[in-house]
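Working notes, structure below.
A note on names: the letters A, B, ... follow the listed sequences, proteins ahead of strands, and every chain is numbered from 1.
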2 protein chains.
Amino acid sequence: MAVKVFLDEKDIPRQWYNLAADLPTPLQPPLGPDGKPITPDMLAPVFPMNLIEQEVCTDRWVDIPEGILDLLYRWRPSPLYRAKYLEEVLDTPARIYYKNEGVSPPGSHKPNTAVAQAWYNKEFGIKRLVTETGAGQWGSALAFSCAILGLECKVYMVRISFDQKPFRRLMMETWGANCVASPSSETNAGRTILQEMPDTPGSLGIAISEAIEAAVSDTTGQTRYALGSVLNHVMLHQTIIGLEAKKQLEKIGEKKVDVVVGCAGGGSNFAGLSFPFVADKIAGAQIKIIPVEPTSCPTMTRAPFSYDHGDTAKMTPLLPMHSLGHGFVPPPIHAGGLRYHGMAPLVSQAIVEGLMEPLALHQVECYEAAIQWAKTEGFISAPETSHAIAAVIREAKQAKEEGKEKVILFNWSGHGLMDLTGYQAFLEGKLVDYPLPDEEMQKSIASMDGLPKPSTAKSGKW
Amino acid sequence: MAVKVFLDEKDIPRQWYNLAADLPTPLQPPLGPDGKPITPDMLAPVFPMNLIEQEVCTDRWVDIPEGILDLLYRWRPSPLYRAKYLEEVLDTPARIYYKNEGVSPPGSHKPNTAVAQAWYNKEFGIKRLVTETGAGQWGSALAFSCAILGLECKVYMVRISFDQKPFRRLMMETWGANCVASPSSETNAGRTILQEMPDTPGSLGIAISEAIEAAVSDTTGQTRYALGSVLNHVMLHQTIIGLEAKKQLEKIGEKKVDVVVGCAGGGSNFAGLSFPFVADKIAGAQIKIIPVEPTSCPTMTRAPFSYDHGDTAKMTPLLPMHSLGHGFVPPPIHAGGLRYHGMAPLVSQAIVEGLMEPLALHQVECYEAAIQWAKTEGFISAPETSHAIAAVIREAKQAKEEGKEKVILFNWSGHGLMDLTGYQAFLEGKLVDYPLPDEEMQKSIASMDGLPKPSTAKSGKW
């Protein structure tokens, strides 16, 4: 039995899938400070117009330009693996498949959209991209993408990660990016914060503010900002994962997927794998679709569907999403990429519709799963990815209890070779589960009271 | 044009190739302390008998047991890449191909032999393996292999690396290995050194002594030692790289390889790719075969072919090899895996025969090549691998000068994500080339004067 299913480059999907075309209830627009839908022009200083057009596009299929395929070939199509060694240990009748997104040069799914965004920016005449990064997966993906396209890249990295993860910064610098700790003295936003709190560890909210300010304040007009998750065009670019998986499953004669799993912080790797299967579900297929989040940051399982800002400093438009409030600070779990207060509008709307069954897990269970994975499948997983693995193990055990031959598919979104300190804490018995910060959470959720509310209407089919 | 050539698992090579069967002048035996060829029994406390038999085997083809194939499927067959993005930038008529050995769970070619050795040990009833590691590539490969086979693993890691590379150690521990700094207080060899030099940074020689002592002193007989390079059975296991490459080149219609390149420390990744092509050369094909070493440790380009010990403490038998002397301490270049005083006997004998054209390079040129690689092909290379890349760039430029459509194949032996400090030094302008330590080298070479000399007879055909 084959463990890996390859797909030749000539068989790579040539269109992205856009869930916005098929949602039973339409996606609701982002709103400006005045509560009115924002216009493309308002975003023009931040993003290039070709990406803004893609952000509002409702076509079901969007052609992938040849230029982007040529960038993706460096690591795509990614292999589909069967987790047969884990299956054996679990003694499950389930067949478990996963996309190995760790084969990309930066080691995660992030470059799927990073190369696309960099390419569209270059097409639009942009010479320089600015972004923020927390743990560093997104920053290194954009640094890589700018390197191979010959663009300049600037990354504002949350100070605590900048200090704790020097190798992540070195990765970005190896690809030629300029990486500074945020808050920095380079922007008004950074200087203001530094004056008030000189010893702040920084936050993603502050780093976003600095990156947007740096992008829009370049008077040459040759700089733009790039975001690694949440937005519609990011989800779109990631759907190549699920579209490849479908072709690979077809190649080996798997006709039906029963369960699709992905971890979800902003939603991009989960959306990338699952959206093509959400389309099947909308068309009538029976599929359980599970986005997995940390119990410490329970956006999908505990937060309301509301309009909220994407960043702490309220520089972004209001987006319709499940949100814990833009001021929410989750406990310091190791899966930094899942510590985000909101969730992609496309994922949120699908949850409202009832198309998904979100699951929240504590980190100790996830690290236990990651260790079992390392000792069976062999690969060391990113802390974010471990959430998907833990959910898959639950599903595989349930299949055993039920005696059902289920097909489970998940996204192995990246390796954890740059993020081993969580494993260290686990192995030394120091890893803990944080109690849910209920009081702060309720307070943060209440802070959205004055913001507009999106419709929660749904088709009622699911 | 396809960038990657995959090979289905069903097409994986099912036999290893043994160069010992085809060398025009036969491989010379290892010698014991008395100067006489050692017998298998003498090695029995160190290695299991099935591997000792393989070490002296002269069959051309050796079947790969199904149990080992099942371990290899976790990442093999590895993709063959065409470096078309680098070709474009170099504007060369050469077609450059490389095997991507970075796709293995530990990120290098080392597990090709680690899983095989662990499997043979388990077959022989061994429960526990002991080894040493310098920079950590080998130790993590063995830790991974023992994890998936359920064996215990103990790694003596050179103290300076243990302190400087905590993430490498964490990798091994994630796979369940016990990793201690060497010299340790756990062995007589370690205690003796610590008493004399309590602050020693350690060395590979000391770590080998500790690992062998720990293996042979286990009175239960259930512990053995494992070595990651130099020995014949290690070279044998690695030939799957070159054998896969041949099938992949055939698949895309490449009929003739002109140049084969690999970096060489102990010789295993170079041998793995090149030996099947050395066979072609012996049979009459015109192929330039280039092992690349650091100028700071010029085993192949400057050292005599002599009998010498594999370790500083003279615990190993005498091996016929190009050696700078077992006491040689190379300058502290970043490519730790290439800082070895000797060279695999099979590679050495092929060099004596004239089948190879060794090249020595300084590290600054190699890091320049690695940066160009990262900005074209995208992947960040191990410092060792950068030596192969630099040699390939030289060959590609020469092909351009000559206007020749050469086919160049090399082994991209591993990624550098755990070894970024060399990149940091390079990017900060602090990386230097060390002058060749001529005096120490001559002294170290002279220290072998009293040792037996192998025959330097050759067939005279090359």
### Query
Side chain, backbone, both or neither: which part of B:Arg169 has a heavy atom under 4.5 Å from chain A?
side chain
### Message
When you compare the side chain of B:Leu417 with that of A:Met171, does any pair of heavy atoms fall below 4.5 Å?
### Response
yes
### For A:Gly378 against B:Pro105, the heavy-atom pair lying closest together
O-CB, 3.3 Å
#### Entry: Region of A:Ser104 that comes under 4.5 Å of a non-hydrogen atom in chain B
backbone
### Query
Side chain, backbone, both or neither: which part of B:Thr174 has an atom under 4.5 Å from a heavy atom of chain A?
both
### Message
What part of B:Leu427 gets within 4.5 angstrom of chain A, counting heavy atoms only: side chain, backbone, both, or neither?
### Response
side chain
### Message
Can you tell me which portion of B:Leu7 sits under 4.5 Å from chain A's heavy atoms? Options are side chain, backbone, both or neither.
### Response
backbone
### Message
Below 30° counts as parallel, above 60° as perpendicular, anything between as tilted: where do the rings of B:Phe167 and A:Phe167 land?
### Response
perpendicular
### Query
So, the side chain of A:Glu9 versus the backbone of B:Val3: is there a donor-acceptor pair under 3.5 Å, distance only?
yes
### Message
Strictly distance-based, threshold 3.5 Å: is any side-chain N or O of A:Lys375 a donor or acceptor partner for the main-chain N or O of B:Cys146?
### Response
no
### Query
Contact part of B:Asp70 toward chain A, heavy-atom cut-off under 4.5 Å: side chain, backbone, both or neither?
both
### Message
Counting only heavy atoms from other residues, nucleotides and ligands, does the tally under 6.0 Å from NZ of B:Lys127 exceed 12?
### Response
no
### Query
chain A heavy atoms under 4.5 Å from B:Met418: which part of the residue, side chain, backbone, both or neither?
side chain
### Message
Heavy-atom cut-off 4.5 Å, strictly under: side chain, backbone, both or neither for B:Ile371 against chain A?
### Response
side chain
### Message
Let me confirm one number: the OH-CH2 distance from B:Tyr423 to A:Trp175, rounded to the nearest 0.5 Å.
### Response
10.0 Å
#### Entry: Distance (rounded to the nearest 0.5 Å) between B:Met172 CE and A:Leu420 CG
11.0 Å
### Message
Minimum heavy-atom separation for B:Glu377 and A:Arg74, please, with both atom names.
### Response
O-CD, 3.2 Å
### Message
Quick check on the interface: out of B:Phe144, B:Phe6, B:Tyr81, who has the most heavy-atom pairs with chain A under 4.5 Å?
### Response
B:Phe6
